[in-house]
Amino acid sequence: MKVGIDSYCYHRFFGEVYPDQDKPEKLMTMKDFLTRAKELKVDGVSLETCFLESTEKPYLEELNAMLNEYGFDRVWAWGHPDGLERGLNPEAFKEMKSLIPHAKTIGATVMRVTGSSLMFRHENHKEQIDRLMVQFKEAVKIAEEYGVKMAVENHIDYTADEILTLVEGVGSPNFGVNFDTGNFLRLLDDPVRGMELLAKYTFAVHLKDLAVNPKEAKPSDWFFFSGVPVGHGLIDNQTLVNILAKANFEGFLAVEIDHPHYDWRGREEEAIALSVEGMKNLVANIK
């Protein structure tokens, strides 16, 4: 099993600075990110489309050439911050469909997508999933045409049972899951049980580790469980990886640190390097 990095780990350096974070001294480009990923000796990268300088074909072809040179597996990642907004944003739906062919332009066979986000988690879930099922059924036809697999992320929006309902409702071999190992915990849903349900549908993984952050957050805040390096938190990632291996998972584990724990604020580089080491240990100890 391979390991990688999601570019969202560097969101502060791409210009998305949370209110409790300091602005970096220097911003980075996607090519800078790829260079750093190569230095960390990972196997793959997940590229958040929101941080690309362009989605025009010449630029994407340049990225593809760089990805090929570095030998990276890749995931084309759309949907930050709120995805399809529980099926009620027609412009987002149009954008998502338009970007499916670009996955092939950068040589990706998996496109991560999001149907909703934590913003809408308190609204009626059945109504949301019913709307999203219709939209994803339409979009996956495009994905099938281009040989792309769409992977919907559990985006602090739905439980594992609800994600399973969505995936089985769409009913396409080209529609599965981007399993985020931390986001189910943020809904107080058991990640291990979630993986047992969803491993066979999983095309991509965000490998998170989380620790309680009571100094900065209330239990109702999404970042009450905040990001720490892999192996330093609460998530039983070894069991999750073991289940994936038994399900013959063919993708790579992409570390994602979204809201760093206060102990790790401003220490992205250290946290990411430790996470890469932690993921390699997970892979080495698969049972």
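Quick note: residue numbers are just sequence positions, from 1. These values consider heavy atoms only, across backbone and side chains, with no hydrogens, waters or symmetry-generated copies.
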Arg186 NZ/CZ over Phe225 ring centroid, <6.0 Å and within 45° of normal: no
My understanding is that only one of Leu240, Asp6, Thr181 makes a side chain to side chain contact (heavy atoms under 4.5 Å, CB included) with Val205; could you say which? Thr181
Between Asp258 and Cys9 (side chain of the first, backbone of the second, donor and acceptor by atom type, cut-off under 3.5 Å), is there such a pair? no
Looking at Lys31 and Glu53, is any side-chain nitrogen of the basic one under 4.0 Å from a carboxylate oxygen of the acidic one? no
Does the side chain of Tyr10 come under 3.5 Å of the side chain of Glu48 through a donor N or O and an acceptor N or O? no
Side-chain donor-acceptor contact under 3.5 Å, His206 with Asn183: no
So, Glu85 and Ser116: side-chain donor and acceptor under 3.5 Å apart, yes or no? no
Between Asn124 and Gln128, is there a side-chain donor-acceptor contact under 3.5 Å, judged purely by atom types and distance? no
Would you say CD of Glu269 has more than 12 non-hydrogen atoms from neighbouring residues, nucleotides or ligands within 6.0 angstrom? yes
State whether Glu39 and Arg36 are salt-bridged, where the test is any N-O pair (Lys NZ or Arg NE/NH1/NH2 against Asp/Glu carboxylate O) under 4.0 Å. yes
Any idea how Tyr8 and His80 line up, ring-wise: parallel (<30°), tilted (30 to 60°), or perpendicular (>60°)? tilted
Is a side-chain donor-acceptor pair under 3.5 Å present for Asp32 with Thr29? yes
Results of side chain to side chain donor-acceptor pair (under 3.5 Å) for Glu277 - residues two or more places apart only: none
I want to check a possible cation-pi pair here: Lys97 against Phe93, using under 6.0 Å from ring centre and within 45° of the ring axis as the test. yes
With hydrophobic residues grouped by side-chain heavy-atom distances under 4.5 Å, do Ile257 and Val212 end up in a single group? yes
Is a side-chain N or O of Asn178 found less than 3.5 angstrom from the main chain of Ala151, in a donor-acceptor match? no
Does a donor on one side chain sit under 3.5 Å from an acceptor on the other, for Glu95 and Trp78? yes
Taking salt bridge (charged side-chain N to carboxylate O under 4.0 Å, His left out) as the cut-off, I'd like each qualifying pair that reaches into residues 240-257, sequence neighbours left out, listed once. Lys208-Glu256
Centroid separation under 6.0 Å, is that true for the rings of His11 and Phe51? no
Would you say the side chain of Phe179 lies within less than 4.5 Å of the side chain of Glu153, judging by non-hydrogen atoms? no
Before accepting this row, confirm whether a basic side-chain N of the pair Lys126/Asp130 lies closer than 4.0 Å to the acidic partner's carboxylate O. yes
Quick check with a 6.0 Å cut-off and a 45 degree axis cone: is Lys149 positioned over the face of Phe203's six-membered ring? yes
Considering residues at least two apart in sequence or located in another chain, which fulfil the salt bridge (Lys or Arg N to Asp or Glu O under 4.0 Å) criterion with Arg131? none
All heavy atoms of Gly83 vs all of Ala92, minimum pair found to be O-CB, 3.4 Å
